Protein chains: 2
Amino acid sequence: MARESTGGVQSLQRAFDLLERLADAGGEASLSELAGTSGLPLPTIHRLIRTLVTLGYVRQNSNRRYTLGSRLIRLGESASRQFGTWARPFLAQLVDQVEETANLAVLDGDEVVYVAQVPSRHSMRMFTEVGRRLLPHGTGVGKAMLSQLPRDEVRALLSRTGLPAYTPNTITNADELLASLDQIAVQGYALDESEQELGVRCIAVPLHGAPTLSAVSVSGPDSRLTKESVARILPEVLAIAKRLTDQATRT
Amino acid sequence: MARESTGGVQSLQRAFDLLERLADAGGEASLSELAGTSGLPLPTIHRLIRTLVTLGYVRQNSNRRYTLGSRLIRLGESASRQFGTWARPFLAQLVDQVEETANLAVLDGDEVVYVAQVPSRHSMRMFTEVGRRLLPHGTGVGKAMLSQLPRDEVRALLSRTGLPAYTPNTITNADELLASLDQIAVQGYALDESEQELGVRCIAVPLHGAPTLSAVSVSGPDSRLTKESVARILPEVLAIAKRLTDQATRT
DNA sequence: ACTATAGTTTTCGCAACGCGGAACGGCAAT
DNA sequence: ATTGCCGTTCCGCGTTGCGAAAACTATAGT
């Protein structure tokens, strides 16, 4: 194929785009809804989706709507195992100790991906969908991981992603962020003070030596995760991070 | 497309076949390994895999091997949410009560799919990969679910799948299985006595009214899950099944 | 350091496969 | 019964996916 398009096999791109849109829609959507958001013609979508239905990655309801199919579960689990499932018992222990939601995130390309989460038992708690992707500058885990990278690599990443504001508190100036990364590298942890989401505070610690650049974090409402409780909680997070690092290095 | 192949879009089929083979290989494989198991030519695999790498569903290691990529995690989670994530707290409670591994499975097409699992805290415990698919006749959950179906539907399913033996204890005669399904329907639960795996016993109870035909089960080594402990455990499983049913009906 | 081998990646001509406009079918509302 | 909306099917066309051959890279052995 002399004139290969830069993106690769077009039908693959389109099929996965449709799967992502199904996930965006809560796992279920109609053909017209998919046509509306994707801009593809109905018969094209139909043919791709029909193939996915036949294969088991999409399922059609009796009301003709399409949902994500069960064959995706195993693929997701298997992919998850490459990243965060091994960390789950440690996260659970951290939640027991500090009583807030614990997360493990990795840097994948230019994005932070949450790969494991053990939620707090409080009714009011952080819920970050496993698999969710965010830009690193706006999150505690992202900043923790960036602090471990050479600064020219960070600059290159930021020039690709920009620094869009998630909230009025998000750091949107590259020099300001780089300065804070220097500080984070020294102190060994990062804070997210309503930068990702208003009213939410997060402590994040990078893991050293994991096959993939990773960070562990504790997050919760800033009414509970106060400056004072941060000082109490930090040693626990650091301790778990050390044990996660040991575990990752042993693999 | 006048000569549409019965299976749909060929490149989609091939790509997902490769993803499944990656999962089969523990999440990681080389190009040659994939060529060996799939029978596709190397450049074909390369082009499909390259597209998946670009999209984030596959990732290439520094040692040139390919692993499943993080973008699959969200798809898997979202698909999982269609099925079993809501059941997890109930399963955890069941494990607390009976101290054996608890599972939730659904009937998807002709197969049983394990969609949620909370493992026992014993070192020796059942581990069934979430997303794993098995034929229904050879499992407790499968038999529990089949017992809820009209018998001609069961006959049709069995004629499609056959009744291959997983172990010497597996029921491989259709009439014998249908008779046991009649009994299971009356008593409200199914047992798997080393039919799926030697040395493993399982109690399974169907859920009524779930959007998808489902069953909850407790499984463990038959040295611990004795006939006597089955009698003790059964009321707990039935109680949780009732609560899961109530929860499913409420959605 | 050099060579051989195995595995991965790239190139490019070709035809088959994916595409999408048009037509058809099913369902719900009036 | 009619109309409108949505999903599904049909089929001609050309672009996209395919794979043999060549080029490149990594590793192991001498």
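Protein chains get the first letters and strands the later ones, always in sequence-line order, with residue 1 at the start of each. Remember, predicted model here, so these are calculated numbers, not experimental data.
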For atom [atom1] of [X] and atom [atom2] of [N], their distance in whole Å:
X	N	atom1	atom2	value
Arg50(A)	dG20(C)	CZ	P	19 Å
Leu40(B)	dA20(D)	CG	P	11 Å
Gln13(A)	dC19(C)	CD	C1'	15 Å
Leu18(B)	dT8(C)	CG	P	13 Å
Ile45(A)	dC6(D)	CD1	C1'	12 Å
Arg65(B)	dT9(C)	CZ	P	13 Å

Under 4.0 Å from OP1 or OP2 of [N]: is there any side-chain N or O of [X] that close?
X	N	answer
Ser30(A)	dC6(D)	no
Gln10(B)	dC18(D)	yes
Gln60(A)	dT8(D)	yes
His46(A)	dG7(D)	no

Please pick, from [options], the nucleotide with the shortest atom-to-atom distance to any side-chain atom of [X].
X	options	answer
Arg47(B)	dT8(D), dG17(D), dT9(C)	dG17(D)
Thr44(A)	dG20(C), dG18(C), dT8(D)	dG20(C)
Leu48(A)	dG18(C), dC19(C), dT8(C)	dC19(C)
Tyr66(A)	dG7(D), dT8(D), dG20(C)	dT8(D)

Task: First of Ser11(A) and Ser32(A) reached from the 5' end of DNA chain D, by closest nucleotide - done: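 Going by which nucleotide is closer to the 5' end, it is Ser32(A).
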Open item on the list: Return whichever of Arg64(B) or Leu12(A) has its heavy-atom-nearest nucleotide of DNA chain D closer to the 5' end.
Closed with: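 Closer to the 5' end of DNA chain D: Leu12(A).
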TODO: Measure the shortest side-chain to side-chain distance between Arg88(A) and Val118(A) over non-hydrogen atoms and say whether it is less than 4.5 angstrom.
DONE: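 Yes, their side chains come closer than 4.5 Å.
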Open item on the list: Contact between Val112(B) and Arg133(B) at the side-chain level, heavy atoms closer than 4.5 Å - yes or no?
Closed with: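 A side-chain contact under 4.5 Å is absent here.
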Open item on the list: Can a side-chain donor-acceptor contact be found between Arg47(B) and Ser11(B) if the only test is distance below 3.5 angstrom?
Closed with: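 Not at all, the side chains of Ser11(B) and Arg47(B) share no donor-acceptor pair under 3.5 Å.
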- [ ] For the residue pair Asp108(A) and Ser70(B), confirm or rule out a side-chain donor-acceptor distance under 3.5 Å.
- [x]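 Judged by distance alone, the side chains do pair up.
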What does [X] touch in the nucleic acid at a heavy-atom separation under 4.0 angstrom: a base, only the sugar-phosphate, or nothing?
X	value
Arg14(A)	sugar-phosphate
Leu42(B)	base
Glu33(A)	nothing

Open item on the list: For the CD atom of Gln148(B) and the CD atom of Glu153(B), what is their distance to the nearest 0.5 Å?
Closed with: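 Here the interatomic distance stands at 12.0 Å.
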Open item on the list: I need the minimum non-hydrogen distance between Leu178(B) and Arg155(B), along with the two atoms involved.
Closed with: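 So the two residues come closest at CD1-NE, 3.6 Å.
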Open item on the list: Here's a test for you: under side-chain contact (heavy atoms from CB on, under 4.5 Å), which of Thr51(A), Thr67(A), Leu22(A), Leu72(A) qualifies with Val58(A)?
Closed with: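 Answer after filtering Thr51(A), Thr67(A), Leu22(A), Leu72(A): Leu22(A).
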Open item on the list: Please identify which of these residues, Val53(A), Leu18(A), Leu52(A), meets the side-chain contact (heavy atoms from CB on, under 4.5 Å) condition with Tyr66(A).
Closed with: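 Exactly one candidate clears the test, Val53(A).
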Identify all pairs in which a protein N or O lies below 3.5 Å from an N or O of nucleotides 21-24 of chain C, and state each distance.
none

